[in-house]
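Here's the structure, in structure tokens; my notes come after.
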Amino acid sequence: MLDLTPKKITSRKGLRINPAKTCQPIGAMYAALGIYKCLPHSHGSQGCCSYHRMQLTRHFKDPVMASTSSFTEGASVFGGGANLKTAIKNVFTIYNPDIMAVHTTCLSETIGDDLGTIIAQADVPEGKRVIHASTPSYVGSHITGFSNMVKGMVQYLAENSGLANGKINVIPGFVSPAEMREIKRILTLMGIEYIMFPDTSGVVDAPMTGEHDMYPEGGTRVEDIIDTGNSDLTVALGSFASEDGAVELEKKCKVPFKTLEIPIGIEATDRLISALAKAVHREVPGVLEEERGQLVDIMLDSHSYFYGKKVAISGDPDMVTGLTEFVMSLGMIPQYVLTGTPGKAFEKRINRMLEGAGMEGCVVKSSGDLFELHQWIKNEPVDLLLGNSHAKYIARAEDIPLVRVGFPILDRYVHHYLPTAGYRGAMRLIEMMTNALLERQDRDCADEDLELVM
Amino acid sequence: MERNQIVEKVLEKYPARVYKNRKAHMLVKENTGENQKIQANTRTVPGIITNRGCCYAGCKGVVLGPLKDMVHIVHGPIGCAYYTWGTRRNKAKQVGDEKNFLNYCFSTDMQESDIVFGGEKKLKQAIQEAVEIFNPQAISISATCPVGLIGDDINAVAAEAEKLYGIKVMAFNCEGYKGVSQSAGHHIANNALMKHVIGMGQVQPAQYAVNILGEYNIGGDGWEISRVLEKIGYHIVTIMTGDGSYETLKNAHKADLNLVQCHRSINYIAEMIEEKYGTPWLKVNFLGLSSTIETLRDMAKYFDDPALTRRTEEVIAEEMVELEGVMRYYKEKLEGRTAFLFVGGSRAHHYQVLLKDLGVETVMAGYEFAHRDDYEGREVIPDIKVDADSKNIEELKVEKDEKNYRVHLSPEKYEQLKKEIPLSYYGGMIKEMRDNSILVDDLNHHETEAFVKILKPDMFFSGIKDKYVIQKMGVYSKQLHSYDYSGPYAAFKGALNFAKDLDMGVYTPGWKYVTAPWKTEPMLEGMLIGGEN
């Protein structure tokens, strides 16, 4: 497996091998799925839309509906305006969404299609809406695309009517519906009225009913996104995927914001809950204290399997940040921390966390790829991998246990129904990590060393 | 409802222009004795939720990608390379000391500055790094949308690199916006492989040498086909391109016969090899027991050697002895069910035979990216109009290679055989479908839902994008691009795998839980106020 990967690391300036990111439009498509009765629309070649739907469907094992401008060579030369206008007309007639969320592609960006103008000139039926985000594939990553679509929602929809709604906005970041549901549960337990946007729960984890609903019950209502302009505060979870939307909302509607990490692990969850309690001047409810106490109990029970173990973490920046902090709280060493998404802020943030914990010798990289991660591991191995399905090839090549977290997970089931966020999510992470490490010990040890009680 | 009325009912929701466009892509099979025409390989209307992909997907994703011993560099932003990384199940084994790159993904990961100032420099750098790290014998460069638009000359970069490193470096101008679907990409890949690879090798094959064209080894199909062919005594020179290699592809012109499995994606090479080197091609179908047997007999007729014919019958008998009883068991369980088949450019036809072997009737079928000849047969090729989208795809002209040209059949024998077997001919899907069945080209989301609701098939075969839509509607749906991670489905053992999977899909207990018990049972029993309970 991956036998052609040499141990010797050479610097690369032109060749990306085994990426740890994909391009912007898929993030924009995913964000748009988090609006109720919204049809995401890809303004580019058919292949873009097809690939993004394919990958999202494989991750969620659920329908992912989206339309495309179906560019041909002619459109690429003369501009895609006519294609988009035709698409808008057809989409509302045939598929009847309440809103279309258009994102661009490297193709439409390179030829310079002006989406704002095209949409303004398009024939949009009464009561229907079309919003857009600029998501050139040659900038950032799928996380950037998610962020840009969230920003687009604010730009097109949020309004400050002058009437405060007493709510808190929450931008959850590029996470699965399980995380969104868990964060909403925490908000509800704290008695906080909130608007989460986007919210893909109930959309890409819709139940089996015997009928296909093109627009399932989930997703943030358009009225609620409009109303985000009247909220008291926006909590942006993740500086890469969520902060830009919050900044935009402050600019446009004067809603103050606070950027926090996605609540992965005990510390990030503590920070979120403290910040929320302070914001609404309320005590933390007993149920959450109980969950926290259970988590700490589990952390102490299982500490001996984690302490001093080395782990390599790869994935999306906001997610990886939370995971890094969490493994350190378990006493592990985050030997390699890598994201494919560009951004030196990631390296700074992680390095600060490592310094704070007195960790030395760990390697942190943004704009990295899995080929390089593999080479690092070949030079100095780790005990555990945390990453998406693509990491399984490294896991097999180097015989290292892998716990699948993040996006995409293409080869396992149920992951997007069970959270990694919050205290309960942290418990689940510990369960997955101990299972991986202990299964490995059970598999590898001598007969006389097989333990009944562990 | 009459079938024609059903089609009208499905179309009724469309605005006038879409209605007109889509109507031409549908037909109800009639037994009039005349050729029924269907529109295909034309643009999808913008806004329609199509299953189609792009030119790049057909070129790099389908035809080039499976060639295992090459470094396939995708020149563009990261997504295009990323989505063709390990997603298509074209399995490959490393043999001997060859290099297998299939678990790797190579991209120039173009950034904004590359779009503004040009990406050639980065591409050259990427090639250099690929050579330094991996030392491959061949490299492909596939263009993505922005590459053509900004004018990067990937052909010049390839030529320069070829000289510089002394290895084969090929450029594929397969920008996603070209053509109307993956199909354009197949053609572009065919052209370049014909120009640069086929004919370069000098390895003399053993007796009964064949190539398998348009077999991508999804789920190991190619391996099962090879097992059967080798058991009979055939020698496989190369497979295009599942588990295929640059190294073996070079010798493709040395085979005695080309077997064409997927006509759509590879017929260009089949034709060009025949023209240039004289090798005839045979349309085969290894999906389905009856079609596999027919194909094996057709091959025996072509080679016309009593020993080979005898061996063919022996192998058929051996394989069938193991299968007959168990296939009958599955047929009894599946008999009488109906299916929709909507896949690719050939599978929607091939799988009808396998389904029929199991007693399942295909009531509706269509291709995602086929041309009219895949529906109506190659006889319509002269009548197919060249439009603005197809005329930009090069029609490569090849000339007879006097040195390597071989005559395999006398003209008389050739004509005689053409009457008996599909030699250099494909009859298309329509002829083999039952009267009153519905054909739809480039079926889209609205039509899928509408046809399923009206015709209520027992099973639906398609791809990942509509799989869960159908499943949510309570109909068993199976991917026939990726086989839902199962397979092989080809030839003898494959047919049994398919039968088992279908049986699982239909009989899995999960279906009976779709409706909660309290939805059908009275739950308020004994709750009357004042009652004894």
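The figures here come from the full heavy-atom set of this structure, side chains too, leaving out hydrogens, waters and symmetry mates. In the text below, chain A, chain B and the rest are named by the order of the sequence lines, each starting its count at 1.
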*Any chance you could measure Leu15(A), atom CG, to Gln128(B), atom CD, to the nearest 0.5 Å?*
11.0 Å

*asked:* Between Lys21(A) and chain B, with a heavy-atom cut-off of 4.5 Å, which part of the residue counts as in contact: side chain, backbone, both or neither?
replied: both

*For residues Asp3(A) and Lys99(B), determine if any side-chain heavy atom of one lies less than 4.5 Å from a side-chain heavy atom of the other.*
no

_I'd like to know which of Gly76(B), Pro46(B), Pro77(B) tops the heavy-atom pair count under 4.5 Å against chain A._
Pro46(B)

_Can you tell me which portion of Glu449(B) sits under 4.5 Å from chain A's heavy atoms? Options are side chain, backbone, both or neither._
side chain

*Output the distance between atom CD (Gln182(B)) and atom OG (Ser50(A)), rounded to the nearest 0.5 Å.*
6.5 Å

*Winner by heavy-atom pair count (cut-off under 4.5 Å) against chain B, out of Ala66(A), Ser76(A), Cys106(A)*: Ser76(A)

*Can you sort out the partners of Tyr177(B) under ring pair (Phe, Tyr, Trp, His ring centres under 6.0 Å), two or more places apart, ordered by chain and number?*
none

*Give a yes or no answer on whether the side chain of Tyr104(B) reaches the backbone of Leu4(A) with a donor-acceptor pair at less than 3.5 Å.*
yes

*Output, in order, the C-alpha distance, side-chain angles, deciding distance and verdict of side-chain contact (heavy atoms from CB on, under 4.5 Å) for Gln125(B) and Arg12(A).*
CA-CA 9 Å; Gln125(B) 178 70 21; Arg12(A) 279 178 282 129; over 6 Å; no

*Side-chain contact, heavy-atom cut-off 4.5 Å: Val180(B) with Gln46(A)?*
no

_Residue part contacting chain B, namely of Thr5(A), when any heavy atom lies under 4.5 Å_ = both

*Got Thr108(B) and Arg16(A) here, is their nearest side-chain heavy-atom distance under 4.5 Å?*
no

_Among the listed options Pro63(A), Ser67(A), Ala82(A), Pro6(A), the residue most often paired with chain B at heavy-atom distances under 4.5 Å_ = Pro63(A)

*Just by distance, do the side chain of Glu73(A) and the backbone of Gly179(B) share a donor-acceptor pair under 3.5 Å?*
no

*Going by heavy atoms in the side chains, are Ser70(A) and Arg43(B) under 4.5 Å from each other?*
no

*asked:* Looking at Lys128(A), I want to see if its NZ is surrounded by more than 12 non-hydrogen atoms of other residues, nucleotides or ligands under 6.0 Å.
replied: yes

*Portion of Cys145(B) that has a non-hydrogen atom of chain A nearer than 4.5 angstrom*: side chain

*asked:* In the structure I gave you, are the side-chain heavy atoms of Tyr83(B) and Ile26(A) within less than 4.5 Å of one another anywhere?
replied: yes

_With a 3.5 Å distance limit and no angle check, can you tell me whether Asn18(A) reaches the backbone of Cys105(B) through a side-chain donor-acceptor pair?_
yes

*Can you tell me how far CD of Glu447(B) sits from CD1 of Ile94(A), rounded to the nearest 0.5 angstrom?*
8.5 Å

_If we define contacts as heavy-atom pairs under 4.5 Å, which of Ala81(B), Pro146(B), Gly463(B), Gly148(B) has the most with chain A?_
Pro146(B)

*Are any of the side-chain heavy atoms of Met65(A) and Val469(B) separated by less than 4.5 Å?*
yes

*Against chain B, work out which of Thr72(A), Thr110(A), Leu410(A), Val91(A) has the most heavy-atom pairs shorter than 4.5 Å and name it.*
Thr72(A)

*In Å and rounded to the nearest 0.5 Å, what is the OH to OG1 distance from Tyr51(A) to Thr84(B)?*
5.5 Å

*Do any of residues 204-213 of chain A have a heavy atom less than 4.5 Å from a heavy atom of chain B, and if so, which, in residue order?*
Ala206(A), Pro207(A), Met208(A), Thr209(A), Gly210(A), Glu211(A), His212(A)

*Check whether any side-chain heavy atom of Lys472(B) lies under 4.5 Å from a side-chain heavy atom of Asp62(A), and answer yes or no.*
yes

_Distance (rounded to the nearest 0.5 Å) between Ile150(B) CD1 and Tyr138(A) OH_ = 9.5 Å

_Per-residue contact mode, Val18(B) against chain A (heavy atom under 4.5 angstrom)_ = side chain

*If you take all heavy atoms of Gly79(B) and Thr22(A), which pair is closest and at what distance?*
CA-OG1, 3.6 Å

*For residues Thr57(A) and Tyr468(B), is any side-chain donor paired with an opposing acceptor at under 3.5 Å?*
no

*Any idea which of Lys122(B), Lys519(B), Met473(B), Lys467(B) has the most non-hydrogen atom pairs under 4.5 angstrom with chain A?*
Met473(B)

*asked:* With a 4.5 angstrom heavy-atom cut-off, is it the side chain or the backbone of Thr87(B) that approaches chain A, or both, or neither?
replied: both

*Could you have a look at Leu2(A), Thr10(A), Val77(A) and say which one has the most heavy-atom pairs with chain B under 4.5 angstrom?*
Leu2(A)

*Which portion of Asp389(B) sits near chain A, non-hydrogen atoms under 4.5 angstrom*: side chain

_Aromatic centroids of Phe371(A) and Phe101(B) separated by under 6.0 Å_ = no

_Taking side chain as everything from C-beta outward and backbone as N, CA, C, O, which of these in Ile48(B) sits under 4.5 Å from a heavy atom of chain A? Side chain, backbone, both or neither._
both

*Does any donor atom in the side chain of His390(A) or Tyr82(B) lie under 3.5 Å from an acceptor atom in the other side chain?*
yes

*For Leu39(A), is it the side chain, the backbone, both or neither that has a heavy atom under 4.5 Å from a heavy atom of chain B?*
side chain

*Quick one: which of Ala57(B), Ser107(B), Gly474(B) has the most heavy-atom pairs under 4.5 Å with chain A, could you say?*
Ser107(B)

*With a 4.5 angstrom heavy-atom cut-off, could you sort out which part of Met1(A) is near chain B: side chain, backbone, both or neither?*
side chain

*Sort by residue number and list every member of residues 111-120 of chain B having a non-hydrogen atom under 4.5 Å from chain A.*
Gln111(B), Glu112(B), Ile115(B)

*Region of Ala388(B) in contact with chain A, defined by heavy-atom distances below 4.5 Å*: neither

*Which pair of non-hydrogen atoms, one from Cys54(B) and one from Ser45(A), has the smallest distance, and what is that distance?*
CB-CB, 4.5 Å

*Looking at Ala130(B), Ala126(B), Gly176(B), which makes the most heavy-atom pairs under 4.5 Å with chain A?*
Ala126(B)

_Side-chain heavy-atom pair Ser137(A), Ile78(B) within 4.5 angstrom cut-off_ = no

_From CD (Glu175(B)) to CZ (Phe71(A)), nearest 0.5 Å_ = 14.5 Å

_Pairs where residues 83-97 of chain A contributes a residue and the test salt bridge (Lys or Arg N to Asp or Glu O under 4.0 Å) is met, not counting sequence neighbours_ = none

